Amino acid sequence: MFFQVCLYFYCKCLWRCLKFVVRKLTGQCELQRICYNTKPGAARTMKIEASLKGSKSKRLQTSVNVHPDAIEKTIDDIMELKRINPDINPQLGVSLQACLLQIVGYRNLIAEVEKLRREPYDSENPQHEEMLLKLWKCLKPNSPLKARISKQWCEIGFQGDDPKTDFRGMGLLGLYNLVYFAEWDTEIAQQVLTDSLHPKYREVTKKELSQLSKAEWEKKKFDKAIGYSFAIVGINITDLAYNLLVSGALKTHFYNVAPEAPTLTHFQQTFCYLMHEFHKFWIDEDPLDIMEFNRVREKFYKRILRQLQNPEMALCPHFAASESLINM
């Protein structure tokens with residue numbers, strides 16, 4: 001333990017000495033070197049964030065926690081503290097401002113998402129009820145809901161005759177995401193719903209076919225592909241997206257697709273992508289029964305995490321709900 005502590009302080013001192021030497025040689029502070037040598041996006045913003053948080057200056061450390069309205073003043077303070085002339089380095093201020101908007105925006109997005117997650121569904125709230133009915137209308141436009149309390153809710157993947165009990169885990173966040181998916185990517189949402197009710201096997205390649213024994217092939221011909229409950233899985237994928245957000249894993253994606261502060265719309269658009277991708281992943285995995293859901297979900301989660309380790313990763317550059325956001 002003592003050795004590890006000593007090693008930590010040794011590396012920290014060594015790193016600061018190295019930074020001092022590089023600044024003397026280049027005439028640029030670390031923030032300048034990052035902005036000038038790293039292209040815009042997650043790679044730059046995450047380096048700026050790490051540099052500010054790791055600074056020995058309390059003013060720089062707290063700059064990642066300022067209110068969005070205070071960002072311009074914070075940039076001026078950083079330039080003054082680092083003795084950088086804004087007239088000689090005008091682009092630096094612009095680059096730092098873009099990075100801080102993303103950093104502060106990500107923190108605020110977590111707070112907004114958490115607030116929705118903690119708000120329970122209230123059947124006495126007209127707005128909540130209106131959203132729930134909108135979900136039905138978007139997914140089943142040709143099948144009128146006969147009653148608010150009805151077994152029909154099972155047709156879109158709820159567990160009983162009143163969906164409010166299924167939102168306990170993710171609160172209003174689960175409903176917000178499902179409604180967004182059904183409203184903005186209606187065609188895909190309806191197709192995913194249909195496939196979840198009437199599952200099909202994925203195509204078996206010639207190589208896979210050659211590896212199956214006759215008994216396995218006969219069994220596969222008569223086995224039924226496993227579907228899932230659309231709404232319940234949507235709430236589960238909301239939980240997956242929430243965990244990616246609060247862990248910081250989604251910074252890579254949001255810093256690459258949101259030119260300024262990531263918003264709730266960005267989060268919902270990411271949920272749409274995850275729902276679509278999980279559906280395809282479920283078909284490819286071809287589980288034996290619904291009891292394998294947790295295994296498939298965990299494998300899918302790890303795959304997304306691996307993708308997000310790439311600093312240039314944008315999860316959904318061509319997804320329908322994201323087109324207007326990508327072009328901002």
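Quantities reported herein were computed from a predicted structural model and do not represent experimental measurements. For reference, positions follow the sequence shown, starting with 1.
Taking each heavy atom of Leu52 and Ser63 in turn, the nearest pair found is CD1-OG, 3.6 Å. The nearest pair of heavy atoms linking Cys138 to Gln190 is O-NE2, 2.7 Å. In this structure, Leu132 and Phe158 approach most closely via the heavy-atom pair CD1-CZ, 4.4 Å. Taking every heavy atom of both residues into account, Ala147 and Gln152 meet most closely at N-OE1, 4.3 Å. Here the closest non-hydrogen pair linking Gly234 and Met275 is CA-SD, 3.6 Å. Of all the heavy atoms in Cys35 and Ile48, the pair that sits closest is SG-CD1, 3.9 Å.
Within the model, atoms OH of Tyr255 and OH of Tyr106 stand 7.0 Å from one another, a figure rounded to the nearest 0.5 Å. One finds the CZ atom of Arg297 at 5.0 Å from the CG atom of Asp239 (value rounded to the nearest 0.5 Å). Distance check: Glu30 CD to Lys47 NZ gives 9.5 Å after rounding to the nearest 0.5 Å. In this structure, His253 NE2 and Gln269 CD are separated by 4.5 Å, a value rounded to the nearest 0.5 Å. Atom CD1 of residue Ile237 and atom SG of residue Cys272 lie 12.0 Å apart, to the nearest 0.5 angstrom. With values rounded to the nearest 0.5 angstrom, Ser123 atom OG is found 3.5 Å from Lys164 atom NZ.
Within 6.0 Å of CD on Glu72 lie no more than 12 heavy atoms contributed by other residues, nucleotides or ligands. Sparse packing is recorded around CZ of Arg168, with 12 or fewer heavy atoms of other residues, nucleotides or ligands lying under 6.0 Å away. Atom CZ of Arg295 is surrounded by more than 12 heavy atoms from other residues, nucleotides or ligands within 6.0 Å.
Taking the six-membered ring where the residue is Trp, Trp282 and Tyr228 present perpendicular rings, their angle passing 60° and hence far from 30°.
Only one option out of Leu173, Val246, Thr238 pairs with Arg117 in a side chain to side chain contact (heavy atoms under 4.5 Å, CB included); it is Leu173.
By the 4.5 Å heavy-atom criterion applied to side chains, Ser196 and Val233 are not counted as neighbours. Side-chain contact check for Leu315 versus Val257: every heavy-atom pair is 4.5 Å or farther apart. The closest side-chain heavy-atom distance from Thr252 to Asn310 is not below 4.5 Å. With a 4.5 Å cut-off on side-chain heavy atoms, Glu114 and Tyr242 count as touching. Counting heavy atoms from C-beta outward, Lys299 and Arg303 have side chains that stay 4.5 Å or more apart. Contact check for Tyr121 versus Asp162: no side-chain heavy atoms found under the 4.5 Å cut-off. Side-chain atoms of Leu264 and Val113, non-hydrogen and from C-beta on, do get closer than 4.5 Å to each other. Here the side chains of Leu244 and Leu274 are in contact, with some heavy-atom distance below 4.5 Å.
Between the side chain of His266 and the backbone N or O of Thr263, at least one donor-acceptor pair lies under 3.5 Å. When atom types are taken as modelled, the side chain of Asn256 and the backbone of Pro311 share a donor-acceptor pair closer than 3.5 angstrom. No donor-acceptor pair closer than 3.5 Å links the side chain of Thr45 to the backbone N or O of Ala42.
Glu312 pairs by the salt bridge (charged side-chain N to carboxylate O under 4.0 Å, His left out) definition with Lys39, not counting sequence neighbours. With sequence neighbours left out, the salt bridge (charged side-chain N to carboxylate O under 4.0 Å, His left out) criterion links Glu129 to Arg148. With sequence neighbours excluded, no residue forms a salt bridge (charged side-chain N to carboxylate O under 4.0 Å, His left out) with Lys115. With sequence neighbours left out, the salt bridge (charged side-chain N to carboxylate O under 4.0 Å, His left out) criterion links Arg107 to no other residue.
No path of Ile, Leu, Val, Met, Phe, Trp and Tyr side chains, each step under 4.5 Å between heavy atoms, connects Leu133 with Ile149, placing them in separate hydrophobic clusters. Put simply, Phe300 and Leu308 are part of the same group of oily side chains (I, L, V, M, F, W, Y) that touch within less than 4.5 Å, one to the next.
Taking the six-membered ring wherever Trp is involved, the centroid distance between the rings of Phe278 and Phe293 falls below 6.0 Å. Ring to ring, Tyr301 and Phe281 are not that close: their centroids are 6.0 angstrom or more apart.
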Under 3.5 Å, side-chain donor or acceptor atoms of residues 86-101 against the rest of the protein: list the pairs with distances, not counting sequence neighbours.
from  : atom 1 : to    : atom 2 : distance (Å)
Asn89 : OD1    : Tyr36 : OH     : 2.9
Asn89 : ND2    : Asn85 : O      : 3.2
Ser95 : OG     : Arg44 : NH1    : 3.3
Ser95 : OG     : Gln91 : O      : 3.1

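By the 4.0 Å N-to-carboxylate-O rule, Lys280 lies too far from Asp284 to be salt-bridged with it.
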Asn236 and Ile232: side chain to side chain contact (heavy atoms under 4.5 Å, CB included), yes or no, with the steps?
-> CA-CA 6 Å; Asn236 202 289; Ile232 296 300; 5.6 Å; no
Verify side chain to side chain contact (heavy atoms under 4.5 Å, CB included) between Lys82 and Gln32, making sure each step is shown before the conclusion.
-> CA-CA 10 Å; Lys82 290 294 186 178; Gln32 286 175 294; over 6 Å; no
Give the intermediate values and the outcome of side chain to side chain contact (heavy atoms under 4.5 Å, CB included) for residues Met131 and Tyr176.
-> CA-CA 8 Å; Met131 287 185 67; Tyr176 267 63; 3.5 Å; yes
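The side-chain hydrogen bond (donor to acceptor under 3.5 Å, both in side chains) contacts involving residues 137-147 comprise Lys140-Glu155, where partners must be two or more places apart or lie in separate chains.
Of the N and O atoms on the side chains of Asn108 and Glu112, not one donor lies less than 3.5 Å from an acceptor on the other residue.
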